[in-house]
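Written below as structure tokens is the structure these notes are about.
FYI, side chains are in, hydrogens and waters are out, and symmetry mates aren't considered; it's all heavy atoms of this structure.
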There are 2 protein chains.
Amino acid sequence: MSAPAKVAATPDRRAVRREATKAEIVAAAWGLVREHGLAGLAMRDLGERVGMRAQSIYSYFASKHEIYDAMFHEGYVAFMAGTADDEDPAGGSADEARATGRRLVHRFFSFCTSDPVRYQLLFQRTIPDFAPSDASYAVALDAYEAMQRHLASFGVTDPHAADLWTAVMTGLTDQQISNDPGGDRWERVIDRAVDMLLHETAPHLFEGSTR
Amino acid sequence: MSAPAKVAATPDRRAVRREATKAEIVAAAWGLVREHGLAGLAMRDLGERVGMRAQSIYSYFASKHEIYDAMFHEGYVAFMAGTADDEDPAGGSADEARATGRRLVHRFFSFCTSDPVRYQLLFQRTIPDFAPSDASYAVALDAYEAMQRHLASFGVTDPHAADLWTAVMTGLTDQQISNDPGGDRWERVIDRAVDMLLHETAPHLFEGSTR
DNA sequence: GTCTATATTTGGATAGAC
DNA sequence: GTCTATCCAAATATAGAC
């Protein structure tokens, strides 16, 4: 068996390797920010964690902000994966809307509370001078639109109504993270919040029924 | 005219002066964090702003955290003043509860959005390693209890219901600050949110009436 | 691609003179 | 009570050897 001929179209192994190392650095960065807080990320620590000197990281990322940006991007990709609905689309009944709505909010809540630092990076503006790159921001916009479609799938199409939903979702999450970290005090009130939101923003679902 | 006799009970002018300077330092710190972010507070800048060297500040505050603590304390005092209700207590009607509820949420919202950095200090955990002193934390607890009483004044006494209210209040605020700073996108939805909350958490007010 | 060496900045905090 | 003079630590980033 002869060795395969070298083909011009062969993917550049060096580039593959390089991407793998970048991913490794970003993964280590996630570990560090979970331990020391989002603002506590230090290039020294990061280098140590990944087995090289801090200065060598600059071969992969031009600055610390570029690492934050990669994390931001990765976070929104995970967000879309973690909150997408894999069940059959809801029909038009109140019960089905309720089930879909609860699933959405519980998933959002779990995604956020399971990693408060990620929540902070994605949804709060807390790193001084950090702004996502255009490419990363585009992913954030995608996620926002996916959420709109998700709400629309069970009858919430009015923009103001959608704002009300996002406010309640982030409020529950925020209170949980700030005032009962690791607990479930606000998780317990999710189902009630969803019912409340549905009655307010999709009242046609409940016509003729008693509250 | 002879000089007044020195009286032992005279308030110590030096102490008064000292408190005034401390207040001046804290005020300057508020100005700086509004410009550079909460974590961007630097003793050098603070000294410059107040007209002394950074090191001299240590005559007034033992550490930077002590300054944050004074700000935290001051913030909660302002919070209680800014959200307290000076109107006559609501009666038991739905309209009165609605008016009182709207007043509460609008005040909370205004207080928070008018100074996002203060909101960050008081309600989010974002300064690494900062924890309020016992004295300051006591004020925060007072504020929390005042809020409970405020909700109870128009019929919201169930603890879970109170959690729902605080979640919605902070959610509206949070979305406004994060996604439409300076705008009014979520402010516009406050009244609707209050009606929704009242129907859910004080349904007895609406008995016999149509939604 | 990773290293050593180093520049540069920034920022918190202390000691001691006046 | 404020200053000068420092110290110390941490952290980002660059230059150039290997």
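Residues B:Asp86 and B:Arg107 are paired through a salt bridge, judged by an N-O separation under 4.0 Å between the basic side chain and the carboxylate. Salt-bridge annotation for A:Lys22 and A:Glu66: absent, with no side-chain N of the basic residue lying under 4.0 Å from a carboxylate O of the acidic one.
Looking only at atom types and distance, the side chain of B:His65 has no donor-acceptor partner in the side chain of B:Asp129 under 3.5 Å away. There is a side-chain donor-acceptor pair under 3.5 Å between A:Gln124 and A:Asp174. No hydrogens or angles considered: nothing links the side chains of A:Thr173 and A:Thr170 as a donor-acceptor pair under 3.5 Å.
B:Thr21 comes within 4.0 angstrom of no nucleic acid atom, judged by non-hydrogen atoms across all strands. B:Leu46 comes within 4.0 angstrom of nothing in the nucleic acid, heavy atoms only.
Computed from coordinates, the A:Lys64 NZ to C:dT9 P distance equals 18 Å when rounded to whole Å. Going from atom CZ of B:Phe61 over to atom P of C:dT14 covers 16 Å, rounded to whole Å. Between the CD atom of A:Glu48 and the P atom of D:dA11 there is a distance of 11 Å, rounded to whole Å. Straight-line distance from the CZ atom of B:Arg18 to the P atom of D:dG1: 6 Å, rounded to whole Å. Going from atom CD1 of A:Ile57 over to atom P of C:dT4 covers 14 Å, rounded to whole Å. Between the CG atom of B:Asp129 and the P atom of C:dG12 there is a distance of 14 Å, rounded to whole Å. What separates CD1 of A:Ile25 from C1' of C:dG1 is a distance of 11 Å, to the nearest Å. Between the CG atom of B:Leu32 and the P atom of C:dG12 there is a distance of 11 Å, rounded to whole Å.
Checking the phosphate oxygens (OP1, OP2) of D:dT2, no side-chain nitrogen or oxygen of B:Ser59 falls inside 4.0 Å. Between B:Arg44 and C:dT10 there is no side-chain N or O to OP1 or OP2 distance below 4.0 Å.
Taking every side-chain heavy atom of B:Gln55 into account, D:dT4 is the closest of D:dT4, D:dA13, D:dT2. In the set C:dT4, D:dG1, D:dT4, C:dT4 carries the atom at the smallest distance from any side-chain atom of A:Arg53. Ranking C:dC3, C:dG12, D:dA13 by closeness to the A:Ser63 side chain, first place goes to D:dA13. Minimum atom distance to the side chain of A:Tyr58 is reached by D:dT12, of the listed D:dT2, D:dT12, C:dG1.
Position along DNA chain D of the nearest nucleotide to A:Asp45 versus A:Ala62 favours A:Asp45 as the more 5'-ward residue.
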